[in-house]
Each structure stands twice: as C-alpha cells, then as structure tokens.
Amino acid sequence: MGIQNTLRALSDPIRREILTLLKKGEMTAGDIAERFDVTFASISRHLSILKEADLIRDRRDGKFIYYQLNASVLEEILWWISDLKGE
C-alpha cells in the first residue's frame, strides 16, 4: 500500500484510537465497537480502511475475527518522515 492510503487511514481520530487500542493487544470487532459511540457498521468500515492500509491484520478463530496492529507499516512511515527531515 502507498503512503497516501496510510495517511488517509491515519487522518481519522476513531481510526487512530483503534490503533491505540490494538497497541495493547489483539481485539475482536465487537470489543473495539464497545469502546465507541458509533454503529457497528461504522467500526467495521474503519477496520476495513485500516486493513486496506495494512495498518492492522486479522485472524479468524471460530466465529470471531481478531484484529492486531501491524507495526511494520508504522515503522516505514517513521523512517520516511525521519529521512524527509534529514535525520
């Protein structure tokens, strides 16, 4: 995925908060949705955008899908920003 998709995904405060939650460990969509005052469909869309940007990954366990942070993409962005700054 390109940096444009990543920055678009990071532009939304709910998506940034989802990433913060996943920093603590994997969670189901239902666990994530409980933390927000928005519809489950909205959370599902946010998760989709984060997944498209490769910021999160998912795994199925029975009827549940668990989401986890993909830190490698964030590391690439930090490297790019540091390089841009000349550090």
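All values below were derived from every heavy atom in this structure, side-chain atoms included, with hydrogens, water molecules and symmetry-related copies excluded.
Atom CZ of residue R59 and atom OH of residue Y66 lie 6.5 Å apart, to the nearest 0.5 angstrom. Rounding to the nearest 0.5 angstrom, the gap separating the CD1 atom in I43 from the OG atom in S48 is 12.0 Å. Residue R15 holds its CZ atom at 8.0 Å from CD1 of I18, rounded to the nearest 0.5 Å. Between atom CG of residue D12 and atom CZ of residue R8 there is a gap of 10.0 Å, rounded to the nearest 0.5 Å. For the atom pair I14 CD1 and L19 CG, the distance stands at 12.5 Å (nearest 0.5 Å). From S82, atom OG reaches atom CD1 of I77 across 12.0 Å, with rounding to the nearest 0.5 Å.
Hydrophobic clustering of Ile, Leu, Val, Met, Phe, Trp and Tyr side chains at less than 4.5 Å, counting indirect connections, keeps I32 apart from F64. In the hydrophobic clustering of this structure, L78 does not group with L22; members are Ile, Leu, Val, Met, Phe, Trp, Tyr whose side-chain heavy atoms approach within less than 4.5 Å, directly or through other members. Residues L69 and F36 fall within the same hydrophobic cluster, defined by Ile, Leu, Val, Met, Phe, Trp and Tyr side chains chained together at heavy-atom separations under 4.5 Å. Both I81 and L7 belong to a single network of hydrophobic side chains, linked directly or stepwise wherever heavy atoms of I, L, V, M, F, W or Y lie under 4.5 Å apart.
Nearest heavy atoms, A9 versus L55: CB-CD1, 3.8 Å. L47 and I56 get closest at one heavy-atom pair: O-CD1, 3.6 Å. Annotation for F40 and A33: closest pair CD1-CB, 3.7 Å, computed over non-hydrogen atoms.
At a threshold of 4.5 Å between non-hydrogen side-chain atoms, the residues M27 and L21 count as touching.
One finds no salt bridge joining R35 and E17 here, because no Lys/Arg side-chain nitrogen approaches an Asp/Glu carboxylate oxygen to under 4.0 Å.
A distance-only check finds a donor-acceptor pair linking the side chain of R16 to the backbone of S11 [under 3.5 Å].
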Intermediate values then yes/no, side-chain contact (heavy atoms from CB on, under 4.5 Å), L50 and N70: CA-CA 10 Å; L50 290 169; N70 179 14; over 6 Å; no
